[in-house]
Protein chains: 2
Amino acid sequence: MAAEAEFADHGFDGVSVRQIALRADVPVALINYHYGSKEGLYRAIFEMRAPMIIDQRMAGLRLAEMEPDQERKVEMIVKAVLVPNLHMRSTEKNSSYARILAREVADPKSHHRKVIGEFFDPVAYRVTEALHKAMPDRTIEEIHWGYQAMLGVMVYTMADTGRISRLSAGRCDPEDEMTTSTHLVALMKAALLYGRVPKKD
Amino acid sequence: MAAEAEFADHGFDGVSVRQIALRADVPVALINYHYGSKEGLYRAIFEMRAPMIIDQRMAGLRLAEMEPDQERKVEMIVKAVLVPNLHMRSTEKNSSYARILAREVADPKSHHRKVIGEFFDPVAYRVTEALHKAMPDRTIEEIHWGYQAMLGVMVYTMADTGRISRLSAGRCDPEDEMTTSTHLVALMKAALLYGRVPKKD
DNA sequence: AAAGTTCTTGTCAACTTGTTCAAATATGCT
DNA sequence: AGCATATTTGAACAAGTTGACAAGAACTTT
């Protein structure tokens, strides 16, 4: 799908239906015929790609639930959330979708388009549930802020602007899926396990 | 500046100069006269606001450098990075700029990439430097990924899409600056202090 | 007060935008 | 085959886009 690449590069408002049609080498009207509208096309991308990532995350969660050791369990939950997305990002065919997803999650205007909530909220609930079960001593707030943190790190890395590579003089490269995952998982695992807010006396 | 609010809500491509002019109750042509173009206006926002946030971060870093205790030092660095932005977000007048910044940092097609690099890279170097000095046993990669994580969490929270509030049934609210900062600082402090990648044997 | 400069304004032309329409083509079914 | 439905197409549409212009208003400086 050519639309993915265009949306990924310029955002929903940054690209016109004509640009997409041109790139896909089809008449403009075809898009409206098949998807109803520009937004329909946009949604179709999610409807096609979302299940894949969601399934992987769910599968990771099921594995994590079987792990008895707390520390490992948390690590597996973190991995279940981060790894599928980071992997998708480094896959040539899916990298566009990864950037669209990152953009959409970070876009306040996406609230109107809905789509994130529809597709990803259910799995989000599963994650927070699993986290709370793994660390029952945490408050609900701690769990949710922890999840928020995981998502933020993930999205920011998925949307990579080339900044970390520039700042680190090329030593850190988000394209390197293995190293990236290792670092981010280690960081977020520690954040979740050891990041406690000082309780008010 | 009315332009801030519009840009924040709809993004650079999502809003027209006319909408901005209408909201600001000025003729359209005025904007082009003063800022040359739509992009000029956009850039002007950053040039006006960026120094403020940078100064605060630098000041926080200087304070952190004086702290002898390692754990506290890292915490102070984290605070120096996160708190100014989170505070700005919850300030009525500046919340728009915070959302623009969040959007911009996550946008691969930054309209003024040079401005971001120009303004924010120097302070970024200072942060990673300070982190490395506080934790000399870490690899450069660990330091940079840690910084990346901090930024991701911050940006994602600043761009708040209302998701965490929805998922947590209203129990977590990014508008509540105090609680938000407390949680995020605790998380990222732990991530930096205890998040080590398993070294290959 | 006069002249020069800067700022403000309504209007304009050239162009894109997303979407729709009737006509043309392809496909499936009996 | 012939008919009915589905798809594809180029052109057209109304609405909105940006940036530019000349003409006027409001300051500064002489």
Side-chain angles (χ1 to χ4, degrees), chain A residues 1-50 96-97 99-101 103-119, chain B residues 1-49 96-97 99-101 103-104 106-116 161:
Chain A
M1 186 86 62
E4 274 187 340
E6 291 291 322
F7 277 136
D9 288 342
H10 310 101
F12 183 81
D13 293 303
V15 74
S16 73
V17 182
R18 285 181 164 77
Q19 287 176 47
I20 297 171
L22 188 71
R23 177 136 163 190
D25 203 39
V26 297
V28 254
L30 251 190
I31 293 177
N32 271 330
Y33 175 75
H34 277 289
Y35 302 102
S37 67
K38 184 183 182 182
E39 193 168 320
L41 167 63
Y42 192 72
R43 288 187 61 96
I45 293 174
F46 281 88
E47 274 159 21
M48 192 173 60
R49 299 274 192 203
S96 299
Y97 173 66
R99 278 177 297 153
I100 295 182
L101 185 60
R103 211 186 262 269
E104 182 69 14
V105 170
D107 186 353
K109 197 187 175 187
S110 69
H111 195 273
H112 294 289
R113 284 197 285 272
K114 312 242 182 199
V115 81
I116 291 287
E118 215 168 294
F119 288 99
Chain B
M1 186 88 61
E4 276 186 339
E6 291 291 322
F7 277 136
D9 288 343
H10 310 101
F12 182 81
D13 294 302
V15 74
S16 73
V17 183
R18 290 184 121 78
Q19 288 175 45
I20 297 171
L22 187 71
R23 177 138 162 187
D25 204 39
V26 298
V28 252
L30 245 192
I31 294 176
N32 266 333
Y33 175 76
H34 277 290
Y35 303 103
S37 67
K38 184 181 179 182
E39 193 168 323
L41 167 64
Y42 195 66
R43 186 182 287 256
I45 292 175
F46 277 86
E47 276 162 15
M48 191 175 61
R49 298 275 192 201
S96 298
Y97 173 67
R99 278 178 297 154
I100 293 181
L101 185 61
R103 205 189 267 266
E104 194 57 33
D107 187 352
K109 185 205 171 194
S110 186
H111 285 87
H112 65 296
R113 173 63 39 72
K114 284 164 193 164
V115 171
I116 282 239
T161 60

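Proteins come first, then strands; the chains are lettered A, B, ... in the order of their sequence lines, and each starts at number 1.
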Do A:I100 and A:I45 have side chains that get closer than 4.5 Å, going by heavy atoms? yes
In the structure I gave you, are the side-chain heavy atoms of B:R43 and B:M48 within less than 4.5 Å of one another anywhere? no
Output the rounded distance in Å from NE2 (A:H10) to C1' (C:dT17). 16 Å
Members of residues 14-29 of chain A that approach DNA chain D, where some heavy atom sits under 4.0 Å away: A:R18, A:P27, A:A29
Contacts of B:E47 meeting salt bridge (charged side-chain N to carboxylate O under 4.0 Å, His left out) (sequence neighbours excluded), chain-then-number -> none
Between its two end axes (five pairs each) the helix from C:dA3-D:dT28 to C:dT30-D:dA1 turns, nearest 10 degrees, through 10°
Check this one for me: any side-chain N or O of A:H34 less than 4.0 Å away from OP1 or OP2 of D:dT8? yes
Nearest whole Å is fine: how far is D:dG16 P from A:D13 CG? 16 Å
For the student: nearest non-hydrogen atoms of B:S96 and B:A8, plus distance: O-CB, 3.3 Å
Does a nitrogen or oxygen in the side chain of A:N32 sit under 4.0 Å from OP1 or OP2 of C:dT20? no
Distance, rounded to the nearest Å, where A:L30 contributes CG and C:dA26 contributes P: 14 Å
Starting at atom CD of A:E6, determine the distance to atom C1' of C:dT16, rounded to an integer number of angstrom. 15 Å
Please table the atom pairs, donor to acceptor, closer than 3.5 Å between any side-chain atom in residues 19-28 of chain B and protein atoms at least two apart or in another chain.
| unit_1 | atom_1 | unit_2 | atom_2 | d |
| --- | --- | --- | --- | --- |
| B:R23 | NH1 | B:E6 | OE2 | 2.6 |

What integer distance in Å separates A:Y33:OH from D:dT5:P? 13 Å
Where do N or O atoms of nucleotides 23-26 of chain D meet protein N or O atoms at under 3.5 Å, pair by pair?
none

For the pair made of CD1 in A:I31 and C1' in C:dT17, what is the distance, rounded to whole Å? 13 Å
A:F119 and A:A50 have their tightest heavy-atom pair at CD2-CB, 3.8 Å
Starting at CZ of B:R49, measure out to CG of B:L101 and round the result to the nearest 0.5 Å. 11.5 Å
B:V15 versus B:K38, closest heavy-atom pair with distance: O-NZ, 2.7 Å
Kindly write out the residues that satisfy ring-ring contact (aromatic ring centres under 6.0 Å, His included) with B:F7, not counting sequence neighbours, or none if the list is empty. B:F12, B:Y42
Check whether any side-chain N or O of A:R99 sits under 3.5 Å from a backbone N or O of A:D9 as a donor-acceptor pair, and report yes or no. no
Does a sphere of radius 6.0 Å around OH in A:Y35 hold more than 12 heavy atoms from other residues, nucleotides or ligands, not counting ones at 6.0 Å or beyond? no
Answer whether the closest heavy-atom distance between the side chains of A:H10 and B:D13 falls below 4.5 Å. no
Integer-rounded Å distance: D:dT18 P and B:L41 CG: 11 Å
Between the protein and nucleotides 23-25 of chain C, which nitrogen or oxygen pairs come in under 3.5 angstrom?
none

